[in-house]
Visitor: 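Below is the structure I would like to discuss, written out as structure tokens.
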Amino acid sequence: MLVGGTLTEGFWEAVARHELVRPVCHACGRSFFTPQVACPTCLSEDWAYEPSSGRGRVYSATTVHKAPSPEFTVPFGLGIVDLEEGWSMLAVLVGETLPQQEAAVELTWVEHGGRELPAFREVDG
Amino acid sequence: VNLSDVAIVGVGVTRQEKRSERNSLQVALDAAKLALADAGLPHTAVDGIAARWPGPGGTDLAPGSADWSTLLGVPLRWIGDSYPQGVPALVDAAGAILTGQATTVLITGGQAGVLGGGRVASYTQPGNEFVAPYGAFTAAHFALVAQRHLARFPHARRGAAEIAATIRNTGSANPAAVMSGRGPYTAEDVLEATPVVEPFTLLDLCLASEGGASVVVTTLERARDLPHRPVVVLGAGMEWLRQQYVDPARYDQAWSIGAAAADTAFGQAGIGPQDVDVAQLYDVNSIEVARQFEALGFCGTGEGTDFAADRGIGLDGKLPTCTDGGLLSFSHIGWGAPTLKLAEAVHQVRGTAGDRQVPGAEVAVAAGAGSGAQYYNLALLGRAR
């Protein structure tokens, strides 16, 4: 773990409540991710986790066919999602047909690799 | 100070194999002995080292390179735990030499006794809390970059498969390659191989193997008294976009990584891409080779696969690339793999590459890392003027 402790536990506590949050800088108003000790735009340490709408767009998508370790079931979708609040994250993609690049997506929750994790599914949009 | 006053005078590459009976320290030491013998230098000539400490033994104290002074039995004047090895270690060593901190620097590393058990190599599964839970691994990060490129330039998929087939066929003919004798491969073979992470199949992706690699670096002045034709550092450049494998690499930023480093390196060398005779690009996957042709200025964006096909990147081509078979077929030894690129570049430039020698090769590029890793580095190596 490169970061941890109090810096990121708020994110995982929210995940446990099925809530997706991201750091929002109180100085410049920008969202950022992954959590850092200070806002990467203005370097202010005055930031807090705020809920995300969970709506966004797929920046890039792939399908993993070979499990990196036994706890993962393949194939599964993996992508970079740009959230509407101006931040992005790596996430699992799900659906009958997996969301592709530029697809509008919304937050859902899946069990993946033995953990409950945020995932994204396609919506009309 | 002038970078080209620094020369690589010895290279050592141990036997590369899928699984070694030895351990990482042993292969690093084996490689070091080979490189020193190649340089015609005793180990007591080493007064600087960039190697870290692969264990076992040693201490858990940083910097790990200091543990080598105990093993070699020589006091050191300079150490650097360069990350990774290859070009960054070469640049560190050159800095130490040019500022008078050391005269003869050993760079060595590799991995052995660490793979196996049916799991992918641990270094391909970086353990960050925002990456590991999703099941991402290094090839998946590169895939997320490649997918966006292929949405823009669909023809590059087949072109990349041709690149993989060509480099693998080069390695097939190299008796020292881990995949020696395998193949020949066609682009169809690559496209139809077992899918790993889209767009990549097993044959698009580099190996995870075991062995050591080492180079010895000193001043050009000293190099002139040593057995081999000195190979000097004409230029070098590095880029660090952000920490690897935490935030995912984005195509719009990562596809061109290496362009700034190439500007620095070519500027220092006073040459351009058209002057490169052999390209030891960092072929972690097929599309990365095309990407590097684009980022380094050999051709325009989206033209990398056509450039490879038009110029020819096999040993009989106009720009032989990954002439030992590369990471795809020769070997990939973890953090030691970038040093393999230096070793092959040196062999080609000084004319000691044997059956795979590219006639008249005078300038080589050796590279490390790539788009999905979000850092990149390259060095231009050439004959002393």
Side-chain angles (χ1 to χ4, degrees), chain A residues 1-5 7-12 15 22-23 32-36 40 58-82 87-94 98-103 110-120, chain B residues 117-152 154 193-202 204-205 208 241-255 285 287 371-372 374:
Chain A
M1 303 289 171
L2 290 175
V3 292
L7 194 62
T8 64
E9 67 188 16
F11 178 85
W12 294 111
V15 164
R22 86 291 185 188
F32 59 92
F33 199 78
T34 53
Q36 304 294 334
V58 174
Y59 178 77
S60 184
T62 185
T63 301
V64 177
H65 293 277
K66 186 186 179 203
S69 47
E71 61 268 28
F72 295 99
T73 304
V74 288
F76 65 86
L78 185 70
I80 302 169
V81 174
D82 290 342
W87 62 290
S88 62
M89 67 179 291
L90 185 70
V92 177
L93 302 176
V94 296
L98 293 177
Q100 297 299 305
Q101 184 180 316
E102 305 304 339
V110 294
E111 192 184 316
H112 183 70
R115 291 178 64 173
E116 195 81 3
L117 290 172
F120 291 86
Chain B
R119 296 176 67 89
V120 300
S122 62
Y123 63 87
T124 68
Q125 280 193 77
N128 179 267
E129 64 185 302
F130 297 107
V131 173
Y134 302 108
F137 48 103
T138 54
H141 288 267
F142 280 88
L144 287 168
V145 175
Q147 288 287 73
R148 234 184 129 88
H149 185 71
L150 292 177
R152 211 176 147 198
T194 306
V196 174
V197 53
E198 292 175 18
F200 301 128
T201 70
L202 197 59
D204 282 298
L205 295 168
L241 180 57
R242 57 171 68 81
Q243 178 60 284
Q244 57 189 319
Y245 311 125
V246 181
D247 299 310
R250 294 176 71 88
Y251 171 74
D252 57 348
Q253 298 174 326
W255 188 257
N285 64 60
I287 291 178
S371 65
Q374 302 193 76

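In what follows, chains carry the letters A, B, and so on, assigned in the order in which the sequence lines appear, proteins first and then strands, with residues in each chain numbered from 1.
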Visitor: Using a 4.5 Å cut-off on heavy atoms from C-beta on, say whether the side chain of E198(B) contacts that of T62(A).
Guide: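 Yes - at least one pair of side-chain heavy atoms lies under 4.5 Å apart.
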Visitor: Is there side-chain contact between L78(A) and Y134(B), with at least one heavy-atom pair below 4.5 Å?
Guide: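 A side-chain contact under 4.5 Å exists here.
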Visitor: Got F130(B) and P35(A) here, is their nearest side-chain heavy-atom distance under 4.5 Å?
Guide: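 Touching, per the 4.5 Å side-chain cut-off.
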Visitor: Using non-hydrogen atoms and a 4.5 Å limit, figure out which bit of Y251(B) sits close to chain A: side chain, backbone, both or neither.
Guide: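 Contact with chain A: backbone and side chain both.
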Visitor: Side chain from CB out, backbone as N, CA, C, O: work out which of these in P75(A) comes under 4.5 Å of a heavy atom of chain B, or both, or neither.
Guide: neither
Visitor: Is F72(A) in contact with chain B via its backbone, its side chain, both, or neither, using a 4.5 Å heavy-atom distance?
Guide: side chain
Visitor: Which label fits Y245(B) and F142(B): parallel for a plane angle under 30°, tilted from 30 to 60°, or perpendicular past 60°?
Guide: tilted
Visitor: Among the options Q147(B), H141(B), R250(B), pick out the one with the most heavy-atom pairs lying under 4.5 Å from chain A.
Guide: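 Between Q147(B), H141(B), R250(B), the count favours R250(B).
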Visitor: Run the numbers on W12(A) and E129(B) for side-chain contact (heavy atoms from CB on, under 4.5 Å), then give the verdict.
Guide: CA-CA 10 Å; W12(A) 294 111; E129(B) 64 185 302; 2.6 Å; yes
Visitor: Tell me, for L117(A) versus chain B, whether the close heavy atoms (under 4.5 Å) come from the side chain, the backbone, both or neither.
Guide: side chain
Visitor: Non-hydrogen atoms of chain B under 4.5 Å away: do they reach the side chain of A61(A), the backbone, both or neither?
Guide: backbone
Visitor: Relative to each other, are the rings of F33(A) and F11(A) parallel, tilted or perpendicular (30° and 60° limits)?
Guide: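 Answer is tilted, since the angle falls between 30° and 60°.
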Visitor: Quick check on side chain to side chain contact (heavy atoms under 4.5 Å, CB included): which of L98(A), V110(A), V81(A) does F120(A) satisfy it with?
Guide: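 Exactly one pass, corresponding to V81(A).
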Visitor: Flag the one option from Q101(A), E102(A), H112(A), M89(A) with the top tally of heavy-atom pairs under 4.5 Å to chain B.
Guide: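 Winner by heavy-atom pair count: Q101(A).
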Visitor: Examine whether an atom of A249(B) lies under 4.5 Å from a heavy atom of chain A, and if so say whether it belongs to the side chain, the backbone or both; otherwise answer neither.
Guide: backbone
Visitor: Of the backbone (N, CA, C, O) and the side chain (C-beta and beyond), which part of A132(B) lies under 4.5 Å from a heavy atom of chain A, both, or neither?
Guide: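 For A132(B), the contact with chain A is made by the backbone alone.
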Visitor: For each of T194(B), V145(B), L202(B), D252(B), tally heavy-atom pairs with chain A at distances under 4.5 Å, and name the one with the top tally.
Guide: D252(B)
